[in-house]
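Chain letters run A, B, ... following the sequence lines, proteins first and then strands; every chain starts at 1. Remember, it's a predicted structure, so these values are computed and weren't measured experimentally.
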2 protein chains.
Amino acid sequence: MKTKKTTIHDIAKELNITASTVSRALNNNPRISEATKKAVLGMAKDLNYQPNNLAAALRKGKSQLIGIIVPTINRSFFSSVIRGVEEVANKLNYRVIVSQSNEDVDNEIVTLNALLNARVDGILVSIGKNMDRFEHYQELIKKGIPLVLFDRTTNEISTSQVIIDDYLGGFQATQHLIKQGCRKIVHFTNVNQVNIYKERYRGYREALKEYDIPFDESLVYKSNMQLADGRECAEKLLASKTAFDAIFSASDYAVVGAMQVLKENKIKVPDDVALVGFSNEPFTSFTDPALTTVSQFPIEMGQAAAESFFEILNSKKKKFIPQKTVLQPELIIRASSLKLDK
Amino acid sequence: MKTKKTTIHDIAKELNITASTVSRALNNNPRISEATKKAVLGMAKDLNYQPNNLAAALRKGKSQLIGIIVPTINRSFFSSVIRGVEEVANKLNYRVIVSQSNEDVDNEIVTLNALLNARVDGILVSIGKNMDRFEHYQELIKKGIPLVLFDRTTNEISTSQVIIDDYLGGFQATQHLIKQGCRKIVHFTNVNQVNIYKERYRGYREALKEYDIPFDESLVYKSNMQLADGRECAEKLLASKTAFDAIFSASDYAVVGAMQVLKENKIKVPDDVALVGFSNEPFTSFTDPALTTVSQFPIEMGQAAAESFFEILNSKKKKFIPQKTVLQPELIIRASSLKLDK
DNA sequence: AAATTTAATGCAATCGATTGCATATTATAA
DNA sequence: TTATAATATGCAATCGATTGCATTAAATTT
């Protein structure tokens with residue numbers, strides 16, 4: 001029952017040639033005659049040969065494996081990125097090993113080492129929220145192991161990145177609200193001012209400026225941006241009696257929390273208050289009213305990250321200059337912000 | 001710059017011992033003295049040694065890699081399963097390679113072979129929707145490669161499975177509606193009667209029976225269960241003028257579509273029509289009213305699948321009797337079905 | 001003190017594929 | 001016909017860790 005697996009040596013023996021020839025034939029090496037190639041391929045099929053990538057990987061020093069580290073796998077955004085990576089990688093005969101950091105640096109380091117031990121040919125990573133140590137990544141660069149950062153990045157690490165233009169997303173979202181006639185636009189942002197939130201915030205301010213709307217710091221609410229946080233912010237907002245006619249939230253979750261509170265207080269969305277979120281989480285099209293939000297094209301981001309990785313890989317000889325790929329976000333307009341043209 | 005990676009031979013040379021001793025020391029083999037172990041560990045750290053799993057895998061014939069195949073990675077249910085698998089696997093020092101079949105048999109076969117070439121120690125798979133060929137999996141069993149099916153399974157393959165009790169889920173959902181006073185309960189099910197839908201349907205019928213409610217075939221709507229299908233079914237339903245006071249849908253998507261149509265027709269949820277979905281998709285808590293649904297515990301399913309895999313792996317010697325793990329679903333009661341006790 | 005265990009380490013083959021450097025064979029040129 | 005080039009294949013080392021089977025040295029028994 002436990003039949004020994006066929007190797008190139010078995011094929012070689014059957015055909016009275018050597019393993020080297022078989023190896024070359026399988027790799028379509030021009031030094032091998034067409035006749036032998038055909039014979040080898042035929043025998044390989046007959047013997048149900050399955051190449052052992054481990055052996056090849058060991059010898060060649062490349063495993064055809066890519067490691068990807070995300071904070072959590074089961075978040076729509078990240079799983080979509082993974083999907084994108086997988087698509088590109090598989091086409092080029094690479095496999096993808098996934099792992100999660102759970103937003104914890106120590107965990108991230110352990111995970112990273114495990115991937116290195118598995119001898120992945122490179123790493124794609126979206127850095128966790130409160131990460132402040134990057135030596136383990138800088139170490140990678142030194143070792144010459146391809147590294148690509150996506151979405152949550154940092155300039156502390158000199159390597160290729162794929163991000164979306166969060167500034168533009170923030171600008172477009174705010175501009176859209178302004179065009180809908182809103183003037184007192186609240187902004188929900190993250191207490192933790194990592195790049196992406198900083199940029200969305202910047203886009204918000206810039207849009208206000210462009211339309212000559214004075215910026216009012218008291219309209220900016222910082223939180224952890226989960227649903228409950230959104231509720232809390234909305235409650236504080238209402239309690240403060242501040243007038244406002246829109247909320248642009250840098251997170252879909254937070255804005256849904258706010259939507260709930262507004263509804264509970266009989267405030268009409270979008271008529272009294274227009275809402276715009278960020279990320280185009282799948283649930284945004286299911287709320288009532290459906291949420292206007294900004295798509296980050298996660299699958300495309302994954303594809304771009306994978307492509308970035310292969311670029312580094314293929315230019316290994318020369319010094320590679322880190323590339324920054326910036327994807328364009330897209331404002332997805334739904335009912336929650338449509339005051340006009342209904 | 002391109003510093004050669006340290007191997008056990010480097011450590012051995014430094015300490016004037018052999019690689020075998022180093023290997024044994026690193027593996028905490030009792031035949032090695034504490035003193036040498038300490039020395040080896042110290043030197044390993046000094047030289048920044050990172051074990052090469054490929055080499056070990058080649059020699060030992062096991063890669064510490066698990067392959068997982070799902071129809072699509074970026075679906076909440078599947079990515080959560082992957083998360084569960086990853087958690088269990090990582091603790092045992094295994095890595096997870098993900099890949100998707102995109103609901104296509106040929107693709108599935110290609111993918112499976114790629115995983116085998118990568119020499120994964122086993123495969124976890126959720127079979128695609130319209131899959132009718134299973135030889136490639138039966139082949140696996142013959143070769144003695146551990147295989148675990150989860151969620152979408154088939155009895156054509158004699159191996160361990162992890163599923164939830166869909167029958168019970170269907171029963172509980174229906175029972176809940178009955179207890180809320182509903183008597184004319186519509187059921188949305190899949191045209192494609194794979195196991196899971198068949199079972200949910202069976203649970204529905206059995207609950208009716210138990211409460212002496214006559215089964216009415218005209219209340220059963222078959223579709224592809226996407227949002228648009230749900231809308232369509234609801235429209236047909238309304239057009240038919242059939243009286244009904246609840247919908248139990250075997251899919252969350254379809255029931256949200258129905259909810260939209262009901263609202264558009266000023267039919268009150270849950271007062272006029274109570275709604276229950278299935279799967280506990282993340283968006284179900286964001287609809288208005290929030291959806292009552294059935295949780296399938298995807299993370300737990302992933303964990304169970306991984307554990308099942310390790311059981312097969314560890315009992316390799318003797319003949320392993322396939323295990324069927326049946327997880328209990330849980331009815332998550334939210335506003336969409338609550339007519340009473342509000 | 002000789003014989004026998006026990007403990008600690010070394011030797012060398014092995015896992016399966018790849019590849020630089022021969023070698024053998026045939027075809028072409030001189 | 002001999003020298004030269006081109007073609008096809010073989011030899012053997014290599015990638016890095018593991019492991020069955022010695023071997024050596026120290027400890028214990030008789």
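- Formation of a donor-acceptor pair under 3.5 Å by the B:Ser126 side chain with backbone atoms of B:Asp151 is not found in this model.
- A:Gln138 places a side-chain N or O within donor-acceptor distance of the main-chain N or O of A:Glu156, the cut-off being under 3.5 Å.
- In this structure, A:Leu54 reaches neither bases nor backbone, as no heavy-atom distance under 4.0 Å exists between it and the strands shown.
- Comparing atom distances between the A:Thr18 side chain and each of C:dG16, D:dT18, D:dG10 picks out D:dG10 as nearest.
- A donor-acceptor contact shorter than 3.5 Å is absent between the side chain of B:Gln161 and the backbone of B:Val148.
- Checking A:Tyr49 against B:Thr36, the closest nucleotide of DNA chain C that is more toward the 5' end is the one next to B:Thr36.
- For B:Asn52 and D:dC15, the CG to P distance is 12 Å, given to the nearest whole Å.
- Set against C:dT18, C:dT9, C:dA17, the side chain of A:Lys60 has C:dT18 as its closest nucleotide.
- With hydrogens and angles ignored, a donor-acceptor pair closer than 3.5 Å exists between the side chain of A:Arg59 and the base of D:dT14.
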Margin query: Please evaluate residues B:Glu34 and B:Lys38 with respect to the criterion salt bridge (Lys or Arg N to Asp or Glu O under 4.0 Å), reporting the C-alpha separation (whole Å), side-chain torsions for both, the decisive distance (0.1 Å), and the verdict.
Written below: CA-CA 6 Å; B:Glu34 289 307 319; B:Lys38 189 165 285 177; over 6 Å; no
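- In this structure, B:Ser33 reaches the sugar-phosphate backbone alone: every heavy-atom distance under 4.0 Å involves primed, P, OP1 or OP2 atoms, never a base.
- Rounded to whole Å, the distance from CD1 on A:Ile17 to P on D:dC11 is 12 Å.
- Distance CZ (A:Arg31) to P (D:dA6): 15 Å, rounded to an integer number of Å.
- Within 4.0 Å of A:Asn29, counting heavy atoms only, lies no atom of the nucleic acid at all.
- The distance from atom CZ of B:Arg119 to atom P of C:dA17 is 7 Å, rounded to the nearest whole Å.
- Atoms CD1 (B:Ile8) and P (D:dC15) sit 13 Å apart, rounded to a whole Å.
- Residue contacts shown for A:Asn53 are absent, as no nucleic acid heavy atom lies under 4.0 Å away.
- An OP1 or OP2 oxygen of D:dT18 is reached within less than 4.0 angstrom by no side-chain nitrogen or oxygen of B:Ser20.
- Classification of A:Glu135 and A:Lys142 as a salt-bridged pair fails, no side-chain N sitting under 4.0 Å from a carboxylate O.
- Rounded to whole angstrom, the span from the NZ atom of A:Lys38 across to the P atom of D:dA8 amounts to 15 Å.
- At a threshold of 4.0 angstrom between heavy atoms, the contacts of B:Asn16 are confined to the sugar-phosphate backbone, with no base atom among them.
- Atom CZ in B:Arg24 sits about 10 Å away from atom C1' in C:dC11, given to the nearest Å.
- A side-chain donor-acceptor contact under 3.5 Å links A:Asn29 to the backbone of A:Arg31.
- Comparing D:dG10, C:dT18, D:dG16 against the side chain of B:Leu58 picks out D:dG16 as the nearest.
- Contacts of B:Ser23 with the nucleic acid, taken as non-hydrogen atoms under 4.0 Å apart, include base atoms.
- Using a 4.0 Å heavy-atom distance criterion, A:Thr7 is classed as a sugar-phosphate-only contact.
- Taking atom NZ of residue B:Lys62 and atom C1' of nucleotide D:dT19, one finds them 15 Å apart after rounding to whole Å.
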